[in-house]
Amino acid sequence: MPHQIFGFGWDELASIVAVFSTVFGVFIGWLVHTVNSNFAKNSKPIHESIDKLTDVITGLKYQLLSHQQSIQDIQNKAEKNEESINDHEARLKILEKEEEDKK
């Protein structure tokens, strides 16, 4: 096993690796901080837009539910009116038949 690599001893190689590791670690830390702060700045409008969109969707949901209830109420009234009309038509037929029988 050689005691030197590329002309450097083990202690010199350890020092070089330590310096490169420190510089690389600081660079990665700076890069992560920069990316994180830029993401936070740039994502704020997106978050605000998403919050507004959520509010609008919630409002639309309540309006839709209200309209559905109104439509259901109108359908119920129409069914009652149809039943009433059918009853009146049946009574009218009975009255017309009684009138004919009287003649």
Side-chain angles (χ1 to χ4, degrees):
M1 182 150 166
H3 295 285
Q4 292 186 353
I5 298 178
F6 299 117
F8 296 111
W10 289 109
D11 56 343
E12 293 170 324
L13 286 175
S15 297
I16 292 171
V17 168
V19 169
F20 281 131
S21 297
T22 303
V23 170
F24 184 71
V26 169
F27 174 74
I28 293 298
W30 170 82
L31 186 63
V32 167
H33 173 73
T34 303
V35 168
N36 200 13
S37 64
N38 283 338
F39 180 76
K41 286 180 197 174
N42 293 332
S43 66
K44 185 177 180 181
I46 293 171
H47 287 296
E48 290 173 355
S49 297
I50 289 172
D51 291 342
K52 287 179 184 177
L53 180 62
T54 302
D55 292 341
V56 168
I57 289 173
T58 301
L60 289 174
K61 181 180 97 173
Y62 288 121
Q63 285 181 351
L64 179 61
L65 291 173
S66 174
H67 290 312
Q68 285 176 336
Q69 185 61 43
S70 296
I71 289 170
Q72 186 64 39
D73 291 344
I74 290 170
Q75 285 176 342
N76 291 340
K77 287 179 184 178
E79 288 173 4
K80 287 179 183 178
N81 287 339
E82 187 176 348
E83 289 173 7
S84 178
I85 289 171
N86 289 338
D87 289 344
H88 288 295
E89 286 176 348
R91 288 181 189 168
L92 184 60
K93 286 180 183 179
I94 291 171
L95 290 173
E96 286 174 348
K97 186 171 184 177
E98 287 178 359
E99 189 66 35
E100 286 179 7
D101 290 343
K102 284 183 184 178
K103 289 184 182 179

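Numbers for residues simply follow the sequence, beginning at 1. Below, each value reflects all heavy atoms present in this structure, side chains not excepted, and no hydrogens, waters or symmetry copies. Please read these numbers as outputs of a predicted model, since none were measured by experiment.
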Would you give the length of the straight line joining atom [atom1] of [X] to atom [atom2] of [Y], rounded to the nearest 0.5 angstrom?
| X | Y | atom1 | atom2 | value |
| --- | --- | --- | --- | --- |
| D55 | I50 | CG | CD1 | 12.0 Å |
| N76 | N81 | CG | CG | 11.0 Å |
| E96 | E89 | CD | CD | 10.5 Å |
| L92 | I85 | CG | CD1 | 12.5 Å |
| E79 | E82 | CD | CD | 7.5 Å |
| I16 | S21 | CD1 | OG | 11.5 Å |

(message) Any side-chain to backbone donor/acceptor pair from S84 onto K80? Under 3.5 Å, distance only.
(response)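 Checked: no pair found.
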
(request) Keeping the roles fixed (side chain from S70, backbone from S66), state whether a donor-acceptor pair exists under 3.5 Å. (result)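 Checked: pair present.
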
(message) If I compare all heavy atoms of S43 with all of A40, which pair ends up nearest, and what's the gap?
(response)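 What the structure gives for the nearest pair is OG-O, 3.4 Å.
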
(message) Is there a side-chain contact between L60 and L64 in this structure, where contact means two heavy atoms from C-beta onward sitting under 4.5 Å apart?
(response)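 With C-beta onward as the side chain, the pair stays apart.
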
[X] and [Y]: same hydrophobic cluster, using ILVMFWY side-chain contacts below 4.5 Å?
| X | Y | value |
| --- | --- | --- |
| F24 | W30 | yes |
| V35 | V32 | yes |
| L13 | F20 | yes |

(message) I'd like to know if the side chain of Q69 pairs up with that of D73 as donor and acceptor (distance under 3.5 Å, no hydrogens or angles considered).
(response)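 Per modelled atom types, Q69 and D73 side chains form a pair under 3.5 Å.
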
